[in-house]
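These numbers come from a predicted model, not from an experiment. Values below: all heavy atoms of this structure, side chains included; hydrogens, waters and symmetry mates excluded.
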Amino acid sequence: MNRKIWMTIGAMFVAAVLGLVFSQSLSVSAGPDLSEEDVTDKVKMQYPGEITELELNENGKAPVYEIEIAIDGKEYELLIDGDSGEVLKLDEKLTTAANEEQKAQNNAEKADEAQTENNEAESLQLREKTKNNETDKAEKQSSENSADKDRQTDNNEKTTVKAPSNKEDSEKEQPVKKSKQKQSIITNQEAIDIALEQFNGRVEGIELDEEDGRLVYEIELESSQGEADIEIDAYTGKVLVVDIDLEDD
């Protein structure tokens with residue numbers, strides 16, 4: 001009795017295994033519902049390009065067609081369901097040439113950015129150097145003018161004519177005054193030309209004034225670098241004061 005039962009169970013097991021193998025065999029042999037020709041026609045209807053590769057992939061649960069198509073110089077990868085014809089995926093496929101071109105473009109952009117930063121740094125250094133040179137020059141000129149002014153003051157003090165103590169001294173002093181009065185002064189243009197040698201700019205104002213018994217031209221100049229006030233002896237044309245105010249960059 002037991003033997004018959006075991007024989008029956010064994011027969012049922014063998015039948016089940018054979019049925020499973022048979023069903024899998026039928027599934028494999030059945031293939032996708034859409035043929036390669038069907039898929040090709042479907043793709044051509046939707047995408048106006050050239051199919052460069054078509055392959056059926058049955059490794060997954062459902063058959064999938066893997067297709068590569070070229071459109072306007074670009075390559076795309078399509079995944080299409082082999083049974084329904086549904087487009088599962090559409091990606092642009094970058095070629096080696098495209099990758100190299102993109103890489104070259106990125107490198108060129110980085111090089112341009114680096115060059116721009118370098119140019120800005122050099123320009124900043126040049127402006128700082130120019131500013132320092134102008135400041136040094138202005139300080140040196142101001143120092144020289146101050147020294148000249150001090151020397152001129154000393155000379156004036158030494159050559160000052162004392163007030164006459166009597167009539168005879170008064171008569172001796174008169175020729176000196178007349179000589180100074182007859183001495184001619186330089187013109188406005190001559191004074192401007194002398195001022196422009198100290199600071200290159202446009203004339204904003206010029207005035208003839210008397211300071212401590214001396215006729216002096218006061219000239220205002222202005223440029224993109226700043227402005228300057230210059231005083232010039234109206235008789236000798238000597239530069240007495242140079243006051244330069246430079247603008248910050």
Side-chain angles (χ1 to χ4, degrees), residues 103-164 172-249:
K103 185 177 180 180
Q105 183 177 355
N106 293 337
N107 291 337
E109 292 176 353
K110 291 181 179 179
D112 290 341
E113 292 176 358
Q115 185 64 35
T116 300
E117 293 177 356
N118 187 41
N119 291 340
E120 291 177 353
E122 291 180 353
S123 178
L124 179 60
Q125 291 178 356
L126 181 60
R127 289 198 298 269
E128 289 293 334
K129 184 177 181 181
T130 302
K131 181 180 177 181
N132 293 336
N133 291 338
E134 291 176 349
T135 302
D136 293 341
K137 183 178 180 181
E139 291 177 351
K140 182 179 179 181
Q141 185 65 42
S142 178
S143 178
E144 292 176 354
N145 291 336
S146 178
D148 291 340
K149 189 174 182 180
D150 292 339
R151 286 195 297 269
Q152 184 67 28
T153 301
D154 294 340
N155 292 334
N156 291 339
E157 291 177 352
K158 293 178 181 178
T159 57
T160 300
V161 179
K162 294 183 178 180
K172 292 180 180 179
E173 186 187 27
Q174 288 178 358
V176 176
K177 290 184 178 180
K178 290 180 179 179
S179 177
K180 185 174 181 181
Q181 291 175 353
K182 291 181 179 179
Q183 183 179 1
S184 62
I185 64 174
I186 64 176
T187 64
N188 287 8
Q189 186 59 49
E190 289 175 338
I192 291 173
D193 292 339
I194 295 173
L196 291 176
E197 292 178 359
Q198 305 298 321
F199 183 86
N200 188 15
R202 61 180 178 275
V203 179
E204 292 295 325
I206 180 170
E207 182 180 358
L208 181 62
D209 194 9
E210 182 175 2
E211 292 184 2
D212 299 329
R214 174 191 299 171
L215 287 178
V216 176
Y217 278 107
E218 297 179 353
I219 304 174
E220 296 180 6
L221 300 176
E222 184 174 352
S223 71
S224 59
Q225 297 177 348
E227 58 185 19
D229 294 327
I230 300 175
E231 294 182 7
I232 299 173
D233 191 304
Y235 289 103
T236 64
K238 183 177 182 61
V239 177
L240 302 178
V241 177
V242 176
D243 185 10
I244 300 176
D245 186 12
L246 297 177
E247 294 182 358
D248 293 336
D249 291 339

Fill in: Distance, nearest 0.5 Å, that separates CD1 of Ile230 from CD of Glu218
12.0 Å
Fill in: With Asp233 via salt bridge (charged side-chain N to carboxylate O under 4.0 Å, His left out) - residues at least two apart
Arg214
Discussion item. What's the separation between atom CG in Asn188 and atom CG in Asp193, rounded to the nearest 0.5 Å?
Written reply: 11.0 Å
Worksheet item: Is the shortest heavy-atom distance from the side chain of Glu120 to the side chain of Thr116 under 4.5 Å?
Response: yes
Discussion item. So which atom in Tyr235 and which in Ser184 form the shortest heavy-atom distance, rounded to 0.1 Å?
Written reply: CD2-O, 3.6 Å
Discussion item. Could you check whether any side-chain N or O of Asn118 sits under 3.5 Å from a backbone N or O of Ala114, counting only pairs where one atom can act as donor and the other as acceptor?
Written reply: no
Discussion item. Quick check for you: to the nearest 0.5 Å, what is the distance between Glu134 atom CD and Glu247 atom CD?
Written reply: 11.0 Å
Worksheet item: What do you reckon, is CG of Asn119 surrounded by more than 12 foreign heavy atoms closer than 6.0 Å?
Response: yes
Worksheet item: In chain order, what residues pass the side chain to side chain donor-acceptor pair (under 3.5 Å) check against Glu231, with sequence neighbours excluded?
Response: none
Worksheet entry | Distance, nearest 0.5 Å, that separates CD1 of Ile186 from NZ of Lys238 | 12.5 Å
Discussion item. Rounded at 0.5 Å granularity, tell me how far CG in Asn107 sits from NZ in Lys110.
Written reply: 6.5 Å
Item to complete: Compare every heavy atom of Val242 with every heavy atom of Ile244, then report the nearest pair and how far apart it is.
Response: CG1-CG1, 3.7 Å
Worksheet item: Can you tell if the side chain of Tyr217 reaches within under 4.5 Å of the side chain of Ile194, non-hydrogen atoms only?
Response: no
Practice prompt. List for me each residue that meets side-chain contact (heavy atoms from CB on, under 4.5 Å) alongside Thr135, sequence neighbours excluded, and say none if there are none.
Written response: Lys131, Glu139, Leu246
Practice prompt. Could you verify whether a donor N or O on one side chain and an acceptor N or O on the other, from Asn132 and Glu128, lie under 3.5 Å apart?
Written response: no
Discussion item. Going by the rule side-chain contact (heavy atoms from CB on, under 4.5 Å), which residues pair with Gln105 if we only count those two or more places apart in sequence or in a different chain?
Written reply: Gln102, Glu109
Item to complete: Name all residues meeting the side chain to side chain donor-acceptor pair (under 3.5 Å) criterion together with Asp136; count only those two or more places apart in sequence or in a different chain, and write none if there are none.
Response: none
Donor-acceptor contacts under 3.5 Å from residues 195-210 side chains, at least two apart:
from   : atom 1 : to     : atom 2 : distance (Å)
Gln198 : OE1    : Gln141 : NE2    : 3.2
Arg202 : NE     : Glu204 : OE2    : 3.0

